[in-house]
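Below is one structure, written out as structure tokens; the observations come after it.
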Amino acid sequence: MENPLPSGRGAFNRWVPEYGRELTVAKLAVARAPAARRGFPKPTVFDLDWSDADFEAVAARQSAEEERAARTGGPVLVCDTDALATTVWQERYVGRTTEAVHILANAMPPRALYLLTAHEDVPFHEDGLRDGEGLRPWMTERFRTVLSARDVPWQEVCGDRSTRLRLALEAVDRLLEEGS
């Protein structure tokens, strides 16, 4: 995924992409190779098997990438996801969250702000890796519930892409002005 961050006013120093997406691409490649050799239909994201170990690896790798970026960046670190979000994804794919993923989520450094995108205003774009449009309301509500249950600052951003970006930048600018 291309770095989505703007330059100029409100520019961010570092961005950490979603490792789970990278793992999904790798798992699809592994699943598709034997299917292609045998002339079978190409597997999709819905054909992949996910294990607790996958989500534990995602949470650990995501946290390590965040730590690496935080050591080399400036005052703002934007993360596409984190170990806390991985608890929700693990719940979605395997029906529960393991203690190991909870431990990784609880070990994260404090966050200055979570930004949650309201799915209602975001068109669904199938890219071969997305989970499905019908799941979006459940996931958004689950993220609202998880964030509300923790002592973390969060803000939901709504509207078209430019409005969501403006709201997110204003929220980050406020934090920087306050010295958070």
Side-chain angles (χ1 to χ4, degrees), residues 1-29 45 50 54-90 92-93 101 103-131 135-136 139-140 142-144 146-147 150-180:
M1 177 178 239
E2 183 179 317
N3 184 339
L5 303 177
S7 58
R9 181 192 156 275
F12 299 98
N13 298 77
R14 302 296 282 165
W15 171 65
V16 180
E18 176 188 358
Y19 173 67
R21 186 175 182 82
E22 182 181 328
L23 180 61
T24 302
V25 169
K27 286 176 75 83
L28 272 174
V45 69
W50 293 96
D54 289 326
F55 291 95
E56 292 162 12
V58 166
R61 172 79 175 267
Q62 190 71 37
S63 294
E65 294 295 327
E66 291 170 16
E67 179 61 31
R68 188 175 2 271
R71 283 194 309 268
T72 61
V76 176
L77 177 63
V78 175
C79 302
D80 189 277
T81 189
D82 66 8
L84 181 60
T86 303
T87 67
V88 175
W89 286 104
Q90 184 180 31
R92 181 267 177 264
Y93 278 101
V101 175
I103 288 169
L104 288 163
N106 290 334
M108 295 183 314
R111 282 18 187 165
L113 178 66
Y114 277 93
L115 294 170
L116 177 62
T117 303
H119 73 278
E120 296 88 352
D121 298 319
V122 181
F124 182 76
H125 295 289
E126 178 55 66
D127 64 358
L129 298 177
R130 304 241 182 249
D131 199 303
L135 206 62
R136 295 169 76 205
M139 291 295 291
T140 301
R142 192 69 190 112
F143 281 117
R144 288 176 183 136
V146 167
L147 290 169
R150 296 179 76 90
D151 187 25
V152 296
W154 67 282
Q155 176 179 328
E156 191 162 338
V157 291
C158 306
D160 62 23
R161 184 181 181 136
S162 62
T163 300
R164 292 189 316 269
L165 179 59
R166 179 182 52 77
L167 292 170
L169 290 173
E170 287 172 356
V172 171
D173 285 345
R174 277 191 304 277
L175 287 173
L176 290 172
E177 289 169 7
E178 295 168 0
S180 295

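Numbers here simply count residues along the sequence, with the first being 1.
- No donor-acceptor pair closer than 3.5 Å links the side chain of Asp173 to the backbone N or O of Leu176.
- For the atom pair Leu84 CG and Thr86 OG1, the distance stands at 8.5 Å (nearest 0.5 Å).
- Residues Gly159 and Asp121 approach most closely at N-OD2, 2.6 Å, considering heavy atoms.
- Note: Trp89 and Phe55 fail the aromatic proximity criterion, with ring centroids not under 6.0 Å apart.
- The shortest distance between side-chain heavy atoms of Arg21 and Thr24 does not fall below 4.5 Å.
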Requested in this report: Would you check, one step at a time, whether the test salt bridge (Lys or Arg N to Asp or Glu O under 4.0 Å) holds for Arg174 with Glu177?
Outcome: CA-CA 5 Å; Arg174 277 191 304 277; Glu177 289 169 7; over 6 Å; no

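- Side-chain atoms of Val58 and Leu23, non-hydrogen and from C-beta on, do get closer than 4.5 Å to each other.
- Heavy atoms only, all atoms of each residue included: Ala118 and Glu156 are closest at CB-OE2, 3.3 Å.
- The shortest distance between side-chain heavy atoms of Asp80 and Val16 does not fall below 4.5 Å.
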Query - Pair Arg92-Arg142, side-chain contact (heavy atoms from CB on, under 4.5 Å): steps then yes or no - result: CA-CA 10 Å; Arg92 181 267 177 264; Arg142 192 69 190 112; over 6 Å; no

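- Closest of all the heavy-atom pairs between Val157 and Ala168 is CG1-N, 4.2 Å.
- Taking 4.5 Å as the limit, some side-chain heavy atom of Lys27 sits within range of a side-chain heavy atom of Trp50.
- Side-chain contact between Arg71 and Arg14: absent, with no pair of heavy atoms (C-beta onward) separated by less than 4.5 Å.
- Here the SG-CZ distance, from Cys158 to Arg164, works out to 9.0 Å after rounding to the nearest 0.5 Å.
- When side chains are defined from C-beta on, Leu113 counts as touching Gln155, because their heavy atoms get closer than 4.5 Å.
- Using a 3.5 Å distance cut-off with no hydrogens or angles, the side chains of Tyr114 and Asp82 do pair a donor with an acceptor.
- Using modelled atom types, no side-chain atom of Glu18 and backbone atom of Gly20 make a donor-acceptor pair closer than 3.5 Å.
- Residues Leu129 and Leu28 form a side-chain contact, since some pair of their non-hydrogen atoms from C-beta on lies under 4.5 Å apart.
- Residue Val101 comes nearest to Ala59 through the heavy atom pair CG1-CB, 4.3 Å, listed as atom of the first residue, atom of the second, then distance.
- The shortest non-hydrogen separation linking Ala105 to Thr87 is CB-CG2, 4.0 Å.
- When side chains are defined from C-beta on, Asn106 counts as touching Arg150, because their heavy atoms get closer than 4.5 Å.
- The side chain to side chain donor-acceptor pair (under 3.5 Å) test applied to Gln62 returns no partner, not counting sequence neighbours.
- Between the side chain of Arg130 and the backbone N or O of Phe124, no donor-acceptor pair lies under 3.5 Å.
- Rounded to the nearest 0.5 Å, atoms CE (Met108) and SG (Cys79) are 9.0 Å apart.
- To the nearest 0.5 Å, atom CG of residue Leu77 and atom CD of residue Glu67 are 9.5 Å apart.
- The residues Arg111 and Glu66 are annotated as salt-bridged, a charged nitrogen and a carboxylate oxygen being separated by less than 4.0 angstrom.
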Report task. Give the intermediate values and the outcome of salt bridge (Lys or Arg N to Asp or Glu O under 4.0 Å) for residues Glu120 and Arg136. Result -> CA-CA 9 Å; Glu120 296 88 352; Arg136 295 169 76 205; over 6 Å; no

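- Atom CG of Leu167 sits about 9.5 Å away from atom OG of Ser162, to the nearest 0.5 Å.
- The minimum heavy-atom distance linking Trp154 with Leu116 is given by the pair CZ3-CD2, 3.8 Å.
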